[in-house]
Amino acid sequence: MAGHGASLLLLLGLMPALLLAVRINGKGREVLYLAKGDSVKLGCPYVLEPEDIGPQGVGIEWIQITPERTGPENVFLSYHDHHVNYGSGSGLQDRVAFVQNDPGQHDASIRLADLQESDTGTYQCRVRKNTVAVHEVIVTVQEKPVAPQCWTEGELIEGSSILLRCYSRGGTSPLAYQWAKLAEGYGGGRLPSGTIQGRAPGDLLIRSLSEVHAGVYQCRVTNRVGYSVCQLNLSPAPRGRQAGIIVGSILGSLLLLSLLGLLIWALIGRYRQKECQPACSDCRSSTGGTMTRACNVCAHHSYSPHGISYMQCQHGDGDERAAALICNDGIRHQVTCPAL
């Protein structure tokens, strides 16, 4: 009987300590998947029992636990005696802060900005009074899918098959691809009949292309932390119209070639005319400069496969001397001028 009374007295003596426990209002261990570059609030609200009127202040510690880190605990943010202290060596000092100006007022939540993939790990909030309460948040930082590229392979002709392709060059795996035909360009809709999944994750095959398949298609690439999209506009052409386009292209090319040939012919004629003019002075020199009549410039000129040939003669009034110049293959030859 005496032993039972002693146990009861001991229990009554311990009850004040039990009532002074700090309690964190959380959902147990949280698991968050977050995008690189985003900001996040890691919650850690807590309450103290009304009977806790002791002089000891509240102490708060935030610890980062990563598989790569060994050694002492990484306390990157703490609060004690109304002072906030930042740790070192974690790379979080410039990107982390308490949400409340005074975390001693029942809220030890923090905000972490500009998340990086290296921030992945377990974040532990510890609140100390007479006892210690712990709350953990597991954070995984991933990269959103990079904006994908969309393109088509095949001819946009009714009755043919065409392949819609979509590919994102970046983002944390796994990446999921999904095609949708937009309704009036504003919202997602069902894919029309005749469309099937291609061999690659971002491929969509459309068989027997028709007017039903015309419209805007959107490819959506997603992972756990975000998504990106690209769009394509399909406008199938009737098979007869496509043939007309081909014939028109051929005729246009032929017309362009004809115009180019005429231009070349005109340039060659102009070049021959300019080459004849200097021969007049050469003909004067061959007659000793005694000529009284004007030169018969380019009395004869022709085009040969070996070059341009022309003959220019000059006759004097009192002198039957004559001179002729023939240009062939870029070489000038002086010959006797025929009689007039």
What is the distance from atom [atom1] of [X] to atom [atom2] of [Y], rounded to the nearest 0.5 Å?
X    : Y    : atom1 : atom2 : value
S235 : E211 : OG    : CD    : 8.0 Å
L115 : E117 : CG    : CD    : 10.5 Å
L263 : S258 : CG    : OG    : 12.5 Å
Q142 : S173 : CD    : OG    : 9.0 Å
K181 : L232 : NZ    : CG    : 13.0 Å
I162 : T152 : CD1   : OG1   : 4.5 Å

Same cluster or not: are [X] and [Y] linked, directly or through other Ile, Leu, Val, Met, Phe, Trp or Tyr residues, by side-chain heavy atoms under 4.5 angstrom apart?
X    : Y    : answer
I268 : L260 : yes
I63  : V58  : no
L164 : L191 : yes
V221 : W151 : yes
V96  : V40  : yes

- Could you walk me through whether Q149 and Y167 pass side chain to side chain donor-acceptor pair (under 3.5 Å), step by step? CA-CA 5 Å; Q149 294 179 338; Y167 179 69; over 6 Å; no
Can you list the residues that meet the side chain to side chain donor-acceptor pair (under 3.5 Å) rule with [X], with sequence neighbours excluded?
X    : answer
S109 : D107
E136 : R29, Q124
R224 : Y33

- Query: For atom CD of Q178, is the number of surrounding heavy atoms from other residues, nucleotides or ligands below 6.0 Å larger than 12?
  - Reply: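 Not more than 12 within 6.0 Å, no.
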- Results of salt bridge (charged side-chain N to carboxylate O under 4.0 Å, His left out) for R165 - residues two or more places apart only: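 Residues passing salt bridge (charged side-chain N to carboxylate O under 4.0 Å, His left out) with R165: E153, D203.
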- Query: With E73, which residues qualify under salt bridge (charged side-chain N to carboxylate O under 4.0 Å, His left out), at least two apart?
  - Reply: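 With sequence neighbours excluded, E73 shows a salt bridge (charged side-chain N to carboxylate O under 4.0 Å, His left out) to R126, given in chain and number order.
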- Worked verdict on C150 versus C219 for disulfide (SG to SG under 2.5 Å): CA-CA 8 Å; C150 289; C219 173; 4.8 Å; no
Taking all non-hydrogen atoms of both residues, which atom of [X] and which atom of [Y] are closest, and how far apart?
X    : Y    : value
Q197 : G202 : NE2-N, 4.5 Å
H135 : G43  : CD2-O, 3.3 Å
I60  : P103 : CD1-O, 3.5 Å

- Query: What residues, two or more places apart in sequence or in another chain, satisfy ring pair (Phe, Tyr, Trp, His ring centres under 6.0 Å) together with H80?
  - Reply: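 By the ring pair (Phe, Tyr, Trp, His ring centres under 6.0 Å) rule, H80 matches no residue at all.
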Does [Y] offer a backbone N or O that forms a donor-acceptor pair with the side chain of [X] under 3.5 Å?
X    : Y    : result
W179 : T195 : no
S168 : P145 : no
E143 : V146 : no
H83  : D81  : yes
S160 : L156 : no
Y79  : V84  : no

- Item | Chi angles and distances behind the side chain to side chain contact (heavy atoms under 4.5 Å, CB included) call for I110, L77 | CA-CA 9 Å; I110 63 172; L77 187 63; 3.6 Å; yes
Heavy-atom distance under 4.5 Å between the side chains of [X] and [Y], does that happen here?
X    : Y    : result
L42  : L32  : yes
K41  : V99  : yes
T222 : L175 : no
N223 : V225 : yes
N74  : T66  : no
I206 : L234 : yes
I138 : Y123 : no
T122 : V137 : no

- Message: Run the side chain to side chain contact (heavy atoms under 4.5 Å, CB included) test on L182 and Q218 for me, step by step, so that the C-alpha distance in whole Å, both residues' side-chain angles and the decisive distance to 0.1 Å come before the verdict.
- Response: CA-CA 7 Å; L182 301 186; Q218 177 177 278; 3.9 Å; yes
- Does the SG-to-SG distance between C230 and C166 fall under 2.5 Å?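 Cystine link not detected, SG atoms outside the 2.5 Å cut.
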- Q116: which of T120, D119, D114 passes side chain to side chain donor-acceptor pair (under 3.5 Å):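 In the set T120, D119, D114, the residue that makes a side chain to side chain donor-acceptor pair (under 3.5 Å) with Q116 is D114.
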- Task: Decide yes or no on side chain to side chain contact (heavy atoms under 4.5 Å, CB included) for V132 and V127, but give the supporting numbers first.
- Result: CA-CA 6 Å; V132 179; V127 182; over 6 Å; no
- Query: Which is it for W62 and V75 under the side chain to side chain contact (heavy atoms under 4.5 Å, CB included) test, yes or no, and what are the steps along the way?
  - Reply: CA-CA 6 Å; W62 273 95; V75 180; over 6 Å; no
- Side-chain H-bond candidate by donor/acceptor type, Q93 with Y86, under 3.5 Å: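 No.
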- Message: Is a donor from one side chain sitting under 3.5 angstrom from an acceptor on the other, for N233 and Y217?
- Response: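 Looking only at side-chain atoms, Y217 and N233 do not form any donor-acceptor pair under 3.5 Å.
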